[in-house]
Amino acid sequence: MVPLSAASWQHRWMQNSDTSAWWQHGVIYQVYPRSFNDGDGDGIGDLAGIIARLDYIAALGVDAIWLSPIFPSPMADFGYDVADYCGIEPLFGDIETFDRLLAQAHRRGLRILLDFVPNHSSDQHPWFQESRSSRDNPKRDWYIWRDAKPDGSPPNNWISDFGGSAWEWDEATGQYYLHAFLSEQPDLNWRNPQLKAAMIDVLKFWFDRGVDGFRIDVLWHIVKAEGLPDNPPNPDWTPDRTERDRLIQRHSTDQPEAHAISAEFRALADQYNDRLLVGEIFLPHDRHARWYGTVDRPQVHLPFNFQLIESAWDADGLRDLMAQYLDSLPPHGWPNWVLGSHDAPRIAGRVGEAQARVAMMLLLTLRGTPTLYQGDELAIGKVEIPPDRIRDPQHFRQPALDIGRDPSRTPMPWDASPNAGFSAAEPWLPFNPDWATRNVAAQDADPSSMLALTRALLALRRQESALSIGAMRLLDAPAGVIAFERAHLDRTLTILLNLTDAAIAVPWDTVPLLSTLDGEPQAGILRPDEGLVLQ
Ligand code: GLC
Ligand code: MG
């Protein structure tokens, strides 16, 4: 056997000069408030419920909680339709409860990131109510209104991300308004200076209250090309893809003016101490990397990187993508990795539990800030939602495509008591079918559980600065294996991941610190579905 060799040493993946910020060595945990824990017994998770489980989150070993939207909302898109950017949705609690959550989190060393939804508001937001009331209302221009074409059809060919035209006809004032998502989510007009100022005030409001940062929803959407030209057709579209994919979103997304606004968000965040901006950005590598901005004019700290979610679970392909991603970063750009979310299929549903363990090891040993989605630490798999319990509007807009997001939004199973310790009532979505055995209490008591592995990985990452902020280099490895090194100061760790269910010979003989499997690791071998961290 030849020893593992370094494929190449990528200088950019070496230690940055300054990797001391909390969000560089820390780990983000996403909480979907509706489904985390219900404090008031209405079957819907809420802030009091989250407070009651803060010890659980702190004990996991993560550093920050990103809360999906908690603002007043008619819930057409479960909070991503905001009716008041500076309030708390009554289903979730009130501002005093939020302040308590923030204080209690901070007491445990946990930061809180809120979800800022700048592209669109709810159609029930007072701003939109005013805007739609008449063509000469001062807030008319806070949204994007246009006349019909002479034949009465929409102003251009843009398609909503949820399917169908992105334009909704408004009978009362005889114009169309733009909505990149549901018609209940009218797009805001960021070219209007008053709107922009009002939204900047929203960020200040929460920063002043002490929140540690924001995840910014669909940031690359927020400005549209001047004149709203038609988007070009996508030559690669096939009928099994979403309606959205029929067009290339050239003129509706990723505009230079959106980058400028993102730099303004950052300038504001930098006036406060230690605050973090994470941008939701889906783009090819080269355009994705631009959302870091420049050293002189930085944009978001972390443009979310969804590669682990979007790529096939295949060692060669993933390895190439990881290298391309890391290569694409500007020198000041700190990487990040996301493995699951309220929008994406569950990792364990996609690759099976054994590989979900390998995936967790990958997520928590790669160079870059990891974001971990609630429930993935239990390896919740794909949940079939009975037709009468489906809630996600994305499903209803394109029912044939199996793109409903409810399966990843099922409530956290805490224990084997009625309603899984989640609520005193039947929850808004069903649990994972195996909740009676796959729950926090059961896995807490089982040293070989996914929860135990996740905690062990997080503890190791905390203990070994090589894993959090260390340099990284990919190693040549046999087919089916991802291998890399992480190094900081004089400490080097090797990570070997078997992405197959067969044993694979790999030359290693150093000290294993952690395996994804029970039993003794065998030198020179990766057992089926085994991931190893070696010293
Ligand atoms: C983001 C959210 C998703 C929401 C959409 C519209 O992608 O993560 O849940 O539906 O934006 O706000
Ligand atoms: Mg509740």
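Both ligands and their constituent atoms are indexed starting at 1 by order of listing. Hydrogens, waters and symmetry mates are skipped; everything else that's a heavy atom, side chains included, is used. Source: prediction; values computed, not measured.
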Fill in the blank from the handout: Short version for E280: what comes under 4.0 Å of ligand 1, heavy atoms counted, is side chain

Problem - Plane angle bin for Y176 and W167 - parallel if under 30°, tilted between 30 and 60°, otherwise perpendicular - result: perpendicular

Practice task
Can you pull out the closest protein heavy atom to atom 4 (C) of ligand 1? Residue, atom name and distance to 0.1 Å, please.
Solution key: D77 OD2, 3.3 Å

Practice task
Would you mind checking which non-hydrogen protein atom is closest to atom 11 (O) of ligand 1, with the distance to 0.1 Å?
Solution key: D217 OD1, 2.9 Å

Practice task
Mind telling me whether F214 and F207 have parallel, tilted or perpendicular rings, with 30° and 60° as the class edges?
Solution key: perpendicular

Exercise for the section: May I ask whether R215 has any heavy atom positioned less than 4.0 angstrom from an atom of ligand 1? Expected result: yes

Problem - NZ or CZ of R391 within 45° of W428 ring axis and under 6.0 Å - result: no

Handout entry: Ring centre gap for W206 and Y272 strictly below 6.0 Å
Key = no

Handout entry: Residue-atom pairs from the protein, N, O or S only, that lie under 2.8 Å from the Mg ion (ligand 2)
Key =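 Listed by chain and number, the nearby protein N, O or S atoms are D38 OD1, D40 OD1, D42 OD1, I44 O, D46 OD2.
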
Completion exercise
Which of Q185, Q124, H120 passes side-chain contact (heavy atoms from CB on, under 4.5 Å) with D81? Answer is Q185

Practice task
Evaluate the side-chain proximity of R215 to E280: yes if any heavy-atom separation is below 4.5 Å, no if none is.
Solution key: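 They are in contact (side-chain heavy atoms under 4.5 Å apart), so the answer is yes.
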
Exercise for the section: Could you list the atoms of ligand 1 found under 4.0 angstrom from a heavy atom of R405? Expected result: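 Matching atoms, with element in brackets: 3 (C), 4 (C), 9 (O), 10 (O).
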
Practice task
Would you mind reporting whether I347 and Y373 have side-chain heavy atoms less than 4.5 Å apart?
Solution key: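 A side-chain contact is absent here, since even the closest heavy-atom pair is not under 4.5 Å.
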
Handout entry: Q30 contact mode with ligand 1 (heavy-atom cut-off under 4.0 Å)
Key =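 For Q30, there is no contact with ligand 1 at all, from either part.
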
Problem - Atom indices of ligand 1, in the order listed, that fall short of 4.0 Å to a heavy atom of R409 - result: 9 (O)

Exercise for the section: Name the orientation class of the two ring planes belonging to H285 and Y325 (parallel below 30°, tilted from 30 to 60°, perpendicular beyond 60°). Expected result: tilted

Problem - ligand 1 contacted by H120 (non-hydrogen, < 4.0 Å) - result: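 Judged by the 4.0 Å heavy-atom criterion, H120 does count as contacting ligand 1.
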
Problem - Parallel, tilted or perpendicular: rings of F128 and Y177 (30°, 60°) - result: perpendicular

Practice task
Identify, for atom 8 (O) of ligand 1, the protein heavy atom at the shortest distance, and state residue, atom and that distance.
Solution key: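 That would be D343 OD2, 2.4 Å.
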
Problem - CG (D402) with more than 12 external heavy atoms under 6.0 Å - result: no

Practice task
Under 4.0 Å from a heavy atom of H342: give me the atoms of ligand 1 that qualify, with their elements.
Solution key: 2 (C), 3 (C), 8 (O), 9 (O)

Practice task
Measure up the W220 and F282 rings against each other and bin them: parallel (under 30°), tilted (30 to 60°), perpendicular (over 60°).
Solution key: tilted

Handout entry: Other residues, nucleotides, ligands: >12 heavy atoms within 6.0 Å of R250 CZ
Key = no

Problem - Atoms of ligand 1 close to V218 [distance to a heavy atom under 4.0 angstrom, numbered from 1] - result: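 Near V218, meaning under 4.0 Å from one of its heavy atoms, ligand 1 has 1 (C), 7 (O), 11 (O).
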
Handout entry: F162 to ligand 1, any heavy atom closer than 4.0 Å
Key = yes

